[in-house]
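Single-structure report; data block below.
Sequence lines set the chain letters: A, B, ... in the order given, protein chains first and strands last, and positions in each chain run from 1.
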There are 2 protein chains.
Amino acid sequence: MKTPTDASQGSERRLTARGRERREQLIAYATLRFARDGFHPTSVSEIVDGVGVGKGVFYWYFASKDELFIEILRAAQQDLRRTQLKAIGPTDDPLEAIEAGIRAGALWMAEHPDLRRLFEFARTDETFAKVMRSGQRQLVAQAAQRLSTAVEHGLIPPRDPEALAHAILGITNQLTMVYIDSAQRRPEELADLVVSICRNGYAGS
Amino acid sequence: MKTPTDASQGSERRLTARGRERREQLIAYATLRFARDGFHPTSVSEIVDGVGVGKGVFYWYFASKDELFIEILRAAQQDLRRTQLKAIGPTDDPLEAIEAGIRAGALWMAEHPDLRRLFEFARTDETFAKVMRSGQRQLVAQAAQRLSTAVEHGLIPPRDPEALAHAILGITNQLTMVYIDSAQRRPEELADLVVSICRNGYAGS
DNA sequence: AAGTTGCTTGACCGGCCGGTCAAGTGGGCG
DNA sequence: CGCCCACTTGACCGGCCGGTCAAGCAACTT
């Protein structure tokens, strides 16, 4: 939060290898607890107890409980976006790119249930909603770009690309929740389903 | 709310007209605050202060903060379901029924932003998630029923009706969030968009 | 050896939390 | 009129919250 150019990292302190390790340990355990019990119900004391360190350790690495949470969110959003871009690769076919993007998104959601739960909560809390909106805007922009290209090439009927991108997001989130958390299907199965419904709706061919 | 068949209510108190009014007042104000500031960050003290009564009044009408929240959720879910059923009416045409259901759902979401926000939070908190799952199951069952009928009549291609119902829910939630909360479009505009995307996906005719 | 700095400890702080309760208050009804 | 009871009050409770800090420890550098 000190370097004006770096938006995502606290990186205010010089850390040794041991320090970086401790930091990651705290992040990992906090992610687990926030996902399982919720952000507000999980206290800082519980986190440090769970890791087996004193309370001061937490405030050595993070300015506050909120800041830790925001860092978890930012890192997860970045990972999702990068995973999606990598999965698409350098394709020329817009339709193929769209499908690959949807599939990668669904797979990421399926494989990161904890982070998904954090996302869902964060959207409902005004303190974190703006972080979520920022990340979601980038994700939607990526997808809308590809959809727009497909419209220009006449590959799909003309429709608001942003609306479609949001719809894809909504389908992915909802179906992941149902088919991964409740019914415990395989991620690939989920991805196929999401792609199919996104493409065709309920009346499509 | 008093009928013994209603599983949501426990031992009720005999309320006078004045009592019922006070109760509704507390529910209304709590809904407002929970939606604006979140459930955990809003204290019981803030609620009674906002209404202008002593703290004991709250616990005269509600057993706990959690119970009040659950009652708000149950009532809202019921209202959504009833609104949807009423909007569909006694139609014979399955496709028409599906579209009317989607439209009514989207309109309800657009017209009840506070309750929508409560729903979103409640899904992320284990204490309330089971209430939400129960309500959502009923909503999805209603929709899946209609979709299933449409498949049987050969009006739409065969696909898992439950998956479609969940997809519709996901699209509705996501697009409402974007087009009502952020961009402030008219509810009817949103409803049209949701119906169109649900029916056709991104590649549909 | 002495100094520097990264890291750790855990008692402590003021404040707020959800919830309780003994003591009223007041409106309707016999 | 007098009583009952639905309703209201607000001080109070034990407990936990996020966050602080003086002090100690450990691993390098000089």
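Summarising the geometry, the separation between CZ on Phe69(A) and C1' on dG18(D) is reported as 16 Å, rounded to the nearest angstrom. Put simply, CZ on Arg23(B) is 17 Å from C1' on dT8(D), counting in whole angstrom units. Atom CD in Glu46(B) sits roughly 13 Å away from atom C1' in dG15(C) (whole-Å rounding). Rounded to a whole Å, the CZ atom of Phe58(A) is 17 Å from the P atom of dC21(D). For the pair Glu21(A) CD and dA27(D) P, the interatomic distance rounds to 14 Å; values are reported in whole Å. Between the CZ atom of Arg14(A) and the P atom of dT29(D) there is a distance of 11 Å, given to the nearest Å. Atom CG of Asp49(A) is separated from atom P of dT9(C) by 11 Å (rounded to the nearest Å). The CZ-P distance, from Arg18(B) to dC5(D), rounds to 17 Å in whole Å.
If you check every strand for non-hydrogen atoms under 4.0 Å, Gly56(B) touches a base. Using a 4.0 Å heavy-atom criterion, one finds that Lys55(A) contacts the bases of the nucleic acid, with or without backbone contacts as well. Within the 4.0 angstrom heavy-atom criterion, no nucleotide atom of any strand lies near Phe62(B).
One finds no salt bridge joining Glu24(A) and Arg18(A) here, because no Lys/Arg side-chain nitrogen approaches an Asp/Glu carboxylate oxygen to under 4.0 Å. Looking at Glu162(A) and Arg137(A), no side-chain N of the basic residue comes within less than 4.0 Å of a carboxylate O on the acidic one, giving no salt bridge. At a threshold of 4.0 Å, the pair Asp192(B)-Arg103(B) counts as salt-bridged, since one of the basic side-chain nitrogens sits closer than that to a carboxylate oxygen.
Contact annotation: Thr16(A) reaches the phosphate of dC7(C) (side-chain N/O to OP1 or OP2, under 4.0 Å). Residue Tyr61(A) places at least one side-chain N or O closer than 4.0 Å to OP1 or OP2 of dT8(C). Remark: Ser64(B) is not in phosphate contact with dG18(C), judged by side-chain N or O atoms under 4.0 Å from OP1 or OP2.
Nearest nucleotide to the side chain of Tyr59(B), out of dG18(C), dC7(C), dG19(D): dG18(C). When distances run from any side-chain atom of Ser43(B) to the nucleotides dG6(C), dT8(D), dG18(C), the shortest one goes to dG18(C). With distances taken from any side-chain atom of Val57(A) to the nucleotides dA6(D), dT8(C), dG18(C), the minimum falls on dT8(C). In the set dC7(C), dG18(D), dT20(C), the nucleotide with an atom closest to the side chain of Trp60(A) is dC7(C). The side chain of Lys65(B) has dG19(C) as its nearest neighbour among dC7(D), dG19(C), dC7(C). The side chain of Arg22(A) approaches dT8(C) more closely than any other nucleotide in the set dC7(D), dT20(D), dT8(C).
Under the 3.5 Å distance criterion, with hydrogens and angles disregarded, a donor-acceptor pair is assigned to the side chains of Asp125(A) and Thr127(A).
No donor-acceptor distance shorter than 3.5 angstrom exists from the side chain of Lys86(A) to the backbone of Arg81(A), with no hydrogens or angles considered.
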